[in-house]
Amino acid sequence: MLNEAERRLWDAFPRGATVDLGQGDPAAEDFDPDTWPEDRHVRAEVIARLLLDVRTEPGRHARVVLAGARIIGELNLSGGQSDRQLVLTRCWLDKPPDFTGASSGRTAFHRTRLPGLIGLNWQVSGSASFDESRCSGLINLFGARISGQLRFEGATLVNPDSEALYADGLTVGQDVFCCCGFTVTGETRLVGVRIGGQLAFNGATLTNPRGNALTAAGLTVHGDMFCSDGFTATGTIGLAGARIGGKLDLTGATLTSPGAQALAAAGLTVHGDMICGDGFTATGTIGLAGARISGRLDLSWSTLTSPGGNALSAAGLTVDQDVDFVKCVASGQVRLAGARIGGELDFTWSTLTNRGGTALDLEGVRCPHVRLPAQIDGRIDLRHAGLGTLTLPAVSDPPPMRLGGLTYVELDADLEPPVAERIAWLHRDPDGFHPQPYDQLAAYYRSAGHDHNARQVLLAKRRTHRLTAPNAWRTPRPVRSLLATAWRLPGWLLDAFSGYGYAPRRTFYWLVAAVITGTVLLHDAAPEQDPTRSTAINALLLALDATVPTAPFGIREQVALTGAHYATALGLQILGYGLALGVLAVLAASRTRRPRPRSR
């Protein structure tokens, strides 16, 4: 037998008319359903019977539209087939409705209180809406299929330390709106969900501090995904392997997961831009390892905090356009090892801090233009990076950089910094001496037409190698010192006579000085009439004969030198052999300086 409220609903159903039993807000946190009298009670079985009934009136669309009611008992539509709409506004449900395996029309819960909802494999022809409703248990939409929209605008889901929304395998034909004050305490699971339109979390608050606030591994969104406009998550946002057909917008979002990943998005694919700027804040690691972004990655004006860990972990990241860290503040390592970036990687005005460790890891990066940060506390790893233009910070005390295997085409926008500053840059490599960075810098200067600077760099390479190589020998310290001196002696001589072949004028100056000195000291021993009648000229020729190893004039053999004259000639001969080695070094160096065609 139907009560008065049920009779009104029964009569209104064929016409699709609304039945409003009175005011009240069951979605309010402190609402007490016992304050409603029994004349506002409607049994759930009556609603189920109406939805599964085929009664209708010609020209009318039968549907249940009920407001201000307390639904008594379980609304069980499991396995049922109906195209009727269910619209509940400002209602209180005593038990979770069950839509398991059901097929239904549009279903809407507006400003309604639910203790949960069971919707496994639920088929909805139209939209499903929970706008401004409140749920104090699990909403289970596992494997459901919704042809229209899924809406949770302004809804509140509360199920602490467990899943509040479980929608693995859900398929939504149009948009999903979890925005405009959407609040969840507990985990939101969207694993393997497929969304035909956009996914909006604008202004949402997700809280699950002991685990994932959002688990959406394998999520597919054909449109854009928005987590902006004050979006806040306490707990990890999991987007591993997700695919976003448009842009991923996290502008101004706040992600908090200390000691863990704030954003776990390894293998993420974004076919548009990924925007994490303009006040974006993350406490915990931003994980983008192996992610691929077809547009640009924007982290400008963001704050990334993970002291002692990775503020950004993006090894193997691929970005087709620019990556922007302008005004970014990061505490912890920014790791982009092996990244492939099609545009500019810009750290202008950013501040990176990882004291005692690597603040910026760009090992193996491929990028046409990199602008390094000026404010950095920690090392920069550029090993094996392949860059087009590398812009170094214009600061008096730049950070140490690991440079082994680094290659670049251009260095800065011009050649203003003195070559000594560039050599000092190489010397600060915390890994010690490597010849390749010196060769790379010399090749850069040579390609720019600055051969003198290139020779200075190569000379610095030989000198640094001479000083540092013995430090790696595994011998007792006293023996090492003796062997190091013997090993360095030839280098000292080559450096003194010709700068290892990179200062050829030095050899000429030595030769001129030796000949002039020999001419003065051997003047008295020079023959007076042979080969010329000038004793001064003969002394000059004798000095040349004594200095040049081939003795081209034969005068040295004709003159019997004794005492100081003999010692002078012997000194010139020894010096001559040293200068000959210097000439050989110059020839070898000139051979290596032949220009090579630059790859295009």
Side-chain angles (χ1 to χ4, degrees), residues 1-53 55 62-78 80 82 84-99 102 104-119 122 127-140 151-160 164-165 180-186:
M1 187 174 187
L2 304 178
N3 62 28
E4 179 61 26
E6 293 168 348
R7 173 57 60 185
R8 290 177 59 189
L9 181 63
W10 190 272
D11 292 340
F13 169 73
R15 306 187 308 276
T18 300
V19 175
D20 192 341
L21 301 180
Q23 298 300 311
D25 187 5
E29 185 174 3
D30 58 352
F31 179 79
D32 182 3
D34 292 333
T35 60
W36 280 358
E38 290 188 4
D39 61 4
R40 299 181 67 168
H41 291 185
V42 175
R43 286 172 295 167
E45 63 186 85
V46 175
I47 297 175
R49 183 177 175 185
L50 288 172
L51 291 174
L52 298 176
D53 195 358
R55 292 188 313 115
R63 59 178 183 170
V64 173
V65 185
L66 180 61
R70 179 175 182 177
I71 312 300
I72 307 298
E74 180 185 16
L75 179 58
N76 190 344
L77 298 173
S78 60
S82 173
R84 307 288 190 259
Q85 295 184 19
L86 172 62
V87 181
L88 300 180
T89 303
R90 293 181 287 104
C91 289
W92 175 286
L93 281 79
D94 282 349
K95 293 184 178 181
D98 189 349
F99 292 90
S104 70
R106 171 177 171 257
T107 302
F109 300 92
H110 180 69
R111 299 191 68 82
T112 292
R113 175 72 72 90
L114 299 99
L117 183 140
I118 306 170
W122 181 20
S127 298
S129 173
F130 298 83
D131 290 349
E132 300 183 51
S133 293
R134 186 178 191 88
C135 181
S136 55
L138 170 65
I139 292 183
N140 190 338
R151 306 179 66 91
F152 284 93
E153 291 188 81
T156 300
L157 312 183
V158 181
N159 199 21
L165 174 60
C180 305
F182 176 62
T183 302
V184 180
T185 301

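- Side-chain contact check for L86 versus L75: some heavy-atom pair is nearer than 4.5 Å.
- Minimum interatomic distance between P115 and P96 (heavy atoms only, all atoms of both residues): CG-N, 3.3 Å.
- Here the side chain of R113 pairs a donor or acceptor atom with the backbone of A28 at under 3.5 angstrom.
- Not a single donor-acceptor pair under 3.5 Å links the side chain of R106 to the backbone N or O of V87.
- Between the side chain of R40 and the backbone N or O of G68 there is at least one donor-acceptor pair closer than 3.5 Å.
- N159 meets the side-chain hydrogen bond (donor to acceptor under 3.5 Å, both in side chains) test with no other residue; sequence neighbours excluded.
- Note: D34 CG to W92 CH2 = 8.5 Å, rounded to the nearest 0.5 Å.
- No side-chain heavy atom of F31 sits less than 4.5 Å from a side-chain heavy atom of D25.
- Closest heavy-atom contact between A62 and R84: O-CD, 3.3 Å.
- Residues P26 and R90 are in side-chain contact: their nearest non-hydrogen atoms beyond the backbone lie under 4.5 Å apart.
- Judged by distance alone, the side chain of S129 and the main-chain N or O of A108 form no donor-acceptor pair under 3.5 Å.
- The main-chain N or O of H110 is found under 3.5 Å from a side-chain atom of T112 such that the two form a donor-acceptor pair.
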Intermediate values then yes/no, side-chain contact (heavy atoms from CB on, under 4.5 Å), L50 and L9: CA-CA 9 Å; L50 288 172; L9 181 63; 3.9 Å; yes

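- With a 4.5 Å cut-off on side-chain heavy atoms, P97 and L77 do not count as touching.
- Partner of E6 under the salt bridge (charged side-chain N to carboxylate O under 4.0 Å, His left out) criterion, out of R49, R70, R43: R43 alone.
- Looking at L117 and F109, their side chains come closer than 4.5 Å, going by heavy atoms from C-beta outward.
- Atom CZ in R111 sits 10.5 Å away from atom CG in D131 (nearest 0.5 Å).
- Under the 4.5 Å side-chain criterion, counting only non-hydrogen atoms from C-beta, L66 is in contact with I71.
- Inter-residue side-chain proximity for I72 and H41 is flagged as met; some heavy-atom pair is nearer than 4.5 Å.
- The CG atom of N76 sits 11.0 Å away from atom CD of E45, with the distance rounded to the nearest 0.5 Å.
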Audit row: D39, N3, side-chain contact (heavy atoms from CB on, under 4.5 Å) steps and yes/no: CA-CA 8 Å; D39 61 4; N3 62 28; over 6 Å; no

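- Side chain of S78 to backbone of D98: no donor-acceptor contact under 3.5 angstrom is found.
- At least one side-chain heavy atom of F182 sits less than 4.5 Å from a side-chain heavy atom of L157.
- C135 and I139 make their closest contact through SG-CG1, 3.6 Å (heavy atoms, listed as atom of the first residue, atom of the second, distance).
- Scanning all heavy atoms of the two residues, the minimum distance from D20 to R8 falls at O-NH2, 3.6 Å.
- Note on ring orientation: taking the six-membered ring where Trp is involved, the planes of F152 and F130 are parallel (angle under 30°, cut-offs 30° and 60°).
- With values rounded to the nearest 0.5 angstrom, R63 atom CZ is found 13.5 Å from S82 atom OG.
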From CA spacing to verdict: side-chain contact (heavy atoms from CB on, under 4.5 Å), T18, T89: CA-CA 10 Å; T18 300; T89 303; over 6 Å; no

